[in-house]
K.L.:
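The structure's right below; bear with me while I get my questions together.
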2 protein chains.
Amino acid sequence: MRRRQIGEALLRIASTRGLQSATMREVAAEAGVSLRLVQYYFRTKEELLLAALAYLGEQLTARVSASIRALGPATPRSIVEGTLTAILPTDDESVRLTRAYTGFYTLVFSEPELGERHGATYPDKLESLLARQIAAAQEAGEVAAGVDPALTAAALLALTNGLGSSVLGGQRDGAAARRILDDQLGRVFL
Amino acid sequence: MRRRQIGEALLRIASTRGLQSATMREVAAEAGVSLRLVQYYFRTKEELLLAALAYLGEQLTARVSASIRALGPATPRSIVEGTLTAILPTDDESVRLTRAYTGFYTLVFSEPELGERHGATYPDKLESLLARQIAAAQEAGEVAAGVDPALTAAALLALTNGLGSSVLGGQRDGAAARRILDDQLGRVFL
DNA sequence: GCCTTGATGATACGCTCGTATCATCAAAAG
DNA sequence: CTTTTGATGATACGAGCGTATCATCAAGGC
């Protein structure tokens, strides 16, 4: 559909030139349509941003589940590892997704209404999912008894986000970030 | 001096309304001077941003050393802990600094020239400092032998940055972030 | 066959931005 | 006393932004 085509164009701009370059005119050019058409399908820019954010969410969850599936049978560890490595910007697709996502994340800092209108509980859901898997692994004896699942899940997710920022900032590449994450995962899971 | 007064005004805006609201006119109003005066002391906006970034760096390093000093005698662990907790947005000052810093950090994503003109090796310096302290603690037997100082330093710093983002994003408060960080520190240091 | 309606184009409006220009004025220098 | 120079004010300019307006046109319902 036209809406999707335009929304994807915005995401493409957000992951290359940055979300602040995603003006109505730029989005129209990127999508190969006229400015009028963008306005026709999205009455306001906020509407367009919200739609694009929804598309991004779809792609993100699709990537996470694909990454979990790629790690073989679903064990607590494979779920945790698959989730975190899917988020880490290691290949082209994850770099694109992470770039676009952080663009929206920082945008919400200056336009809090956008976040409210979206219900951005995405990180919280991920975190509780991870905590449940760690708790399950702990019951199965794959995680040391002294580990607090909630604290550890939060730490792993924050670590992954921080590593992602450092990769996007050019401080290290995806492989190095992956090594750091794997090292920490190896300290959580026995 | 006038330059400092104006630069601090920009930082104040960056830490409250966000860096993208720091227009020349807003900075002038915040500093209580005319637009012309801002232009007089900073010929271009980039010059102003660079100067403000330098001021921010000063404040950041000052806070880090104060936080290390506050933890008593300088041991490897107190240095690591002081550095990381100084960065974490737990009180008003650190929230201000972190907000402003992430503002600049994300700005560099869209204007890479700004980062080049500043030599933003700040995170790398912090990371190697932490790695040295962890290695020293390891030699003193305060850190398990199986720990890789470089990987662990990177992980702790990325964790702290990720926690900072989550605090700024309203996902948790500074105290909760502090608990997560302390938990991880307790797993590194015996 | 007309007429409504959804889709598309061209263009304009009002605003804010960074920057530039012109004028003024106090104080220091000669 | 005059002149120079650094500091300050008022205002303008051109560009880009989101949004709005007006016109056109193809297709489907009656």
Side-chain angles (χ1 to χ4, degrees), chain A residues 1-14 16-55 100 103-104 106-118, chain B residues 1-14 16-55 100 103-104 106-118:
Chain A
M1 222 227 297
R2 237 68 224 267
R3 277 179 70 93
R4 179 139 222 144
Q5 171 191 357
I6 296 172
E8 301 280 2
L10 185 143
L11 290 182
R12 235 173 299 132
I13 295 177
T16 52
R17 277 159 284 169
L19 197 52
Q20 78 300 333
S21 311
T23 78
M24 292 295 226
R25 288 165 176 84
E26 290 253 356
V27 171
E30 174 73 30
V33 301
S34 72
L35 169 63
R36 178 67 182 83
L37 210 63
V38 177
Q39 285 190 269
Y40 184 73
Y41 286 101
F42 303 96
R43 259 174 311 189
T44 165
K45 184 175 186 183
E46 183 185 351
E47 207 176 297
L48 168 57
L49 285 170
L50 248 18
L53 185 50
Y55 295 145
F104 279 101
T106 63
L107 182 63
V108 173
F109 284 164
S110 47
E111 324 260 326
E113 324 117 359
L114 210 156
E116 293 160 11
R117 212 120 47 208
H118 176 248
Chain B
M1 224 228 293
R2 239 62 230 263
R3 277 179 70 94
R4 179 138 221 146
Q5 172 192 357
I6 296 172
E8 301 281 0
L10 185 145
L11 290 182
R12 234 173 299 133
I13 294 177
T16 52
R17 278 159 283 168
L19 197 52
Q20 77 300 334
S21 311
T23 79
M24 292 294 221
R25 288 166 175 84
E26 290 252 355
V27 171
E30 175 73 30
V33 302
S34 72
L35 169 63
R36 178 66 183 82
L37 209 64
V38 178
Q39 286 190 266
Y40 184 74
Y41 286 101
F42 303 95
R43 259 174 310 188
T44 166
K45 186 175 186 182
E46 182 185 351
E47 207 176 298
L48 168 58
L49 285 169
L50 249 16
L53 185 51
Y55 295 145
F104 279 100
T106 62
L107 181 62
V108 173
F109 285 164
S110 47
E111 325 261 327
E113 325 117 358
L114 210 155
E116 293 161 13
R117 212 122 47 209
H118 177 248

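Letters A, B, ... mirror the listed sequences (proteins, then strands); counts begin at 1. Quick note: numbers below take in every heavy atom, side chains included, and nothing from hydrogens, waters or symmetry partners.
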K.L.:
Please enumerate all residues that pass side-chain hydrogen bond (donor to acceptor under 3.5 Å, both in side chains) together with A/R3, with sequence neighbours excluded.
P.N.:
none
K.L.:
Which letter, B, S or -, goes with each nucleotide of nucleotides 3-10 of chain C from 5' to 3', with contact meaning a protein heavy atom under 4.0 Å?
P.N.:
---SBBBB
K.L.:
With axes from five pairs an end, tell me the bend angle of the helix from C/dG1-D/dC30 to C/dG30-D/dC1, nearest 10°.
P.N.:
20°
K.L.:
Is the phosphate of C/dG18, meaning OP1 or OP2, less than 4.0 Å from a side-chain N or O of B/T44?
P.N.:
no
K.L.:
How close or far is atom P of D/dG18 from atom CG of A/L49, stated in whole angstroms?
P.N.:
9 Å
K.L.:
In whole angstrom, what separates B/E47's CD from C/dT19's P?
P.N.:
10 Å
K.L.:
Nearest heavy-atom pair of A/A31 and A/I6: which atoms, and what distance?
P.N.:
CB-CA, 4.2 Å
K.L.:
What's the shortest heavy-atom distance between A/M24 and A/L35, and which atoms?
P.N.:
CB-CD1, 3.6 Å
K.L.:
What residues, two or more places apart in sequence or in another chain, satisfy side chain to side chain contact (heavy atoms under 4.5 Å, CB included) together with A/F104?
P.N.:
A/L10, A/L11, A/L19, A/L49, A/A52, A/L53, A/L56
K.L.:
Return the polar atom pairs (N/O with N/O) between nucleotides 12-17 of chain D and the protein under 3.5 Å, or none.
P.N.:
none

K.L.:
Which residue pairs satisfy the side-chain hydrogen bond (donor to acceptor under 3.5 Å, both in side chains) criterion with at least one member in residues 25-44 of chain B, sequence neighbours excluded?
P.N.:
B/R12-B/E30, B/R17-B/E26, B/R17-B/E30
K.L.:
Which whole-number value in Å describes the distance from B/E111 CD to C/dC17 P?
P.N.:
16 Å
K.L.:
To check you understand the geometry: which heavy-atom pair defines the closest contact between A/S110 and B/Q20, and what is its length?
P.N.:
CB-NE2, 2.8 Å
